[in-house]
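First up is the structure itself, then whatever we jot down about it.
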Amino acid sequence: MTGGIATGKSTVSKIFAKHDIPIVDGDIIAREIVEPGKPALAALVQAFGEGILQTDGSLDRKQLGNIVFHDDQKRQLMNQTLNQYLRQAINQAIANQVAQQVPLVVVDLPLMYEGHYDRYMDEVMVVYVPEAVQQERLQVRDQLSREEAAKRINSQMPIEEKKARADWVIDNQGTREETKFQVENWLKTKTAVEPS
């Protein structure tokens with residue numbers, strides 16, 4: 001499962017969770033790999049300097065965000081620095097679920113296509129809203145200016161391109177109930193899931 005920033009992946013993820021579908025969450029893994037003492041954090045510090053650390057030695061996400069969202073080359077450097085650690089942790093998390101012989105594993109990755117993770121998936125679901133809605137939601141959610149929100153959106157593959165490449169699209173412009181209906185319909189095609 002993928003989408004763009006502020007398109008509603010978390011909403012869809014919660015629907016899967018209510019049906020006890022295991023979820024490998026790329027955002028959670030990305031946070032875990034840069035905890036103090038982890039090699040990925042050391043690699044980031046080597047690339048960007050001690051200024052990205054808080055006084056307790058943890059990553060200052062806001063500071064790193066200020067650096068990478070204003071400079072494409074620095075954003076690429078961050079992605080290249082973290083790529084091997086992230087890919088290894090995600091693949092391990094998927095393998096752990098598959099080993100338990102569960103019928104379905106949802107892998108929630110914002111950068112599914114950008115990181116070429118789609119080649120490891122059986123199908124890709126895109127949680128979709130048009131870019132104008134995405135922009136509006138992001139500004140409200142993260143209290144960003146229009147320009148700041150646009151920078152974050154433009155740092156990802158355009159949502160229309162993701163939609164075009166998807167095997168399955170969940171249109172998240174309507175109510176939560178409408179989104180839930182779409183997800184549960186998809187689940188019925190994959191598993192014997194009863195609507196909740």
Side-chain angles (χ1 to χ4, degrees), residues 1-10 13 23-96 106-121 124-129 131 134-135 137-166:
M1 178 179 67
T2 192
I5 189 169
T7 61
K9 292 182 308 302
S10 297
S13 213
I23 298 161
V24 172
D25 187 323
D27 282 341
I28 290 173
I29 292 172
R31 283 194 290 274
E32 288 172 351
I33 65 168
V34 292
E35 286 173 354
K38 297 280 178 84
L41 180 59
L44 271 183
V45 170
Q46 192 170 359
F48 292 98
E50 302 271 337
I52 62 165
L53 294 178
Q54 300 191 66
T55 52
D56 65 358
S58 64
L59 179 63
D60 186 335
R61 295 178 178 287
K62 191 170 184 184
Q63 179 60 23
L64 182 61
N66 288 338
I67 295 168
V68 302
F69 286 118
H70 292 92
D71 186 322
D72 283 347
Q73 286 182 326
K74 287 183 178 169
R75 191 175 70 252
Q76 285 172 10
L77 174 61
M78 178 190 72
N79 290 338
Q80 286 165 2
T81 302
L82 293 177
N83 180 54
Q84 64 171 328
Y85 303 103
L86 189 57
R87 195 169 295 274
Q88 183 179 12
I90 287 168
N91 287 337
Q92 186 60 57
I94 295 168
N96 292 347
V106 172
V107 183
D108 178 352
L109 290 174
L111 302 179
M112 176 81 69
Y113 292 118
E114 294 90 335
H116 308 291
Y117 287 95
D118 51 310
R119 68 180 75 157
Y120 309 121
M121 306 299 151
V124 176
M125 172 185 284
V126 167
V127 183
Y128 170 81
V129 296
E131 191 175 312
Q134 187 184 8
Q135 169 96 31
R137 287 182 181 177
L138 182 57
Q139 282 180 245
V140 171
R141 186 190 80 185
D142 292 0
Q143 300 178 333
L144 297 172
S145 68
R146 185 165 183 76
E147 184 184 309
E148 285 294 326
K151 278 181 187 167
R152 283 163 169 71
I153 289 167
N154 293 335
S155 74
Q156 298 180 345
M157 180 185 288
I159 191 63
E160 296 299 334
E161 187 176 340
K162 290 184 180 186
K163 180 184 178 187
R165 291 174 66 169

* Flag if over 12 foreign heavy atoms under 6.0 Å of CZ, Arg146 -> no

* May I ask you to check whether over 12 heavy atoms, not counting those of Lys74, lie within 6.0 Å of atom NZ? => no

Atom pair [atom1] ([X]) and [atom2] ([Y]), whose distance is rounded to the nearest 0.5 Å:
X	Y	atom1	atom2	result
Thr7	Lys162	OG1	NZ	7.5 Å
Leu109	Tyr117	CG	OH	6.5 Å
Gln134	Ile159	CD	CD1	5.5 Å
Met125	Met112	CE	CE	10.5 Å
Asp60	Thr55	CG	OG1	9.5 Å
Gln84	Arg87	CD	CZ	10.5 Å

* To do: Answer yes if the side chains of Gln76 and Asp72 hold a donor-acceptor pair under 3.5 Å, and no otherwise.
  => no

Do the side chain of [X] and the main chain of [Y] share a donor and acceptor less than 3.5 angstrom apart?
X	Y	result
Ser58	Pro36	no
Asp142	Leu138	no
Gln156	Leu111	no
Arg165	Val126	no

* Asked: Can you list the steps and then say if Leu53 with Leu41 is a side-chain contact (heavy atoms from CB on, under 4.5 Å)?
  -> CA-CA 9 Å; Leu53 294 178; Leu41 180 59; 3.9 Å; yes

Give me the atom names and distance for the closest heavy-atom approach of [X] to [Y].
X	Y	value
Ile23	Ser13	CD1-O, 3.2 Å
Ala6	Val129	O-CG2, 4.3 Å
Lys9	Gly3	CD-N, 3.5 Å

Is the shortest heavy-atom distance from the side chain of [X] to the side chain of [Y] under 4.5 Å?
X	Y	result
Gln63	Phe48	no
Glu160	Tyr128	yes
His70	Glu148	yes
Gln54	Lys62	no
Val24	Asn96	no
Asp27	Pro110	yes
Val124	Tyr113	yes

* **Ile90/Ile94 under side-chain contact (heavy atoms from CB on, under 4.5 Å): CA gap, chis, key distance, verdict** => CA-CA 6 Å; Ile90 287 168; Ile94 295 168; 3.9 Å; yes

* **Residue pairs fulfilling salt bridge (Lys or Arg N to Asp or Glu O under 4.0 Å) with at least one residue in residues 36-55, sequence neighbours excluded** =>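 Sorted result for residues 36-55: Glu35-Lys38.
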
* Could you walk me through whether Gln92 and Ile29 pass the side-chain contact (heavy atoms from CB on, under 4.5 Å) check? -> CA-CA 11 Å; Gln92 186 60 57; Ile29 292 172; over 6 Å; no

* What residues, two or more places apart in sequence or in another chain, satisfy side chain to side chain contact (heavy atoms under 4.5 Å, CB included) together with Thr81? ->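 For Thr81 the side chain to side chain contact (heavy atoms under 4.5 Å, CB included) partners, ignoring immediate neighbours, are Ala43, Leu44, Ala47, Leu77.
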
* Who are the side chain to side chain contact (heavy atoms under 4.5 Å, CB included) partners of Arg61, not counting sequence neighbours? ->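 Per chain and number, Arg61 pairs via side chain to side chain contact (heavy atoms under 4.5 Å, CB included) with Arg31, Val34, Leu59.
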
* Asked: In this structure, which one of Arg137, Gln135, Arg152 forms a side chain to side chain contact (heavy atoms under 4.5 Å, CB included) with Ile5?
  -> Arg152

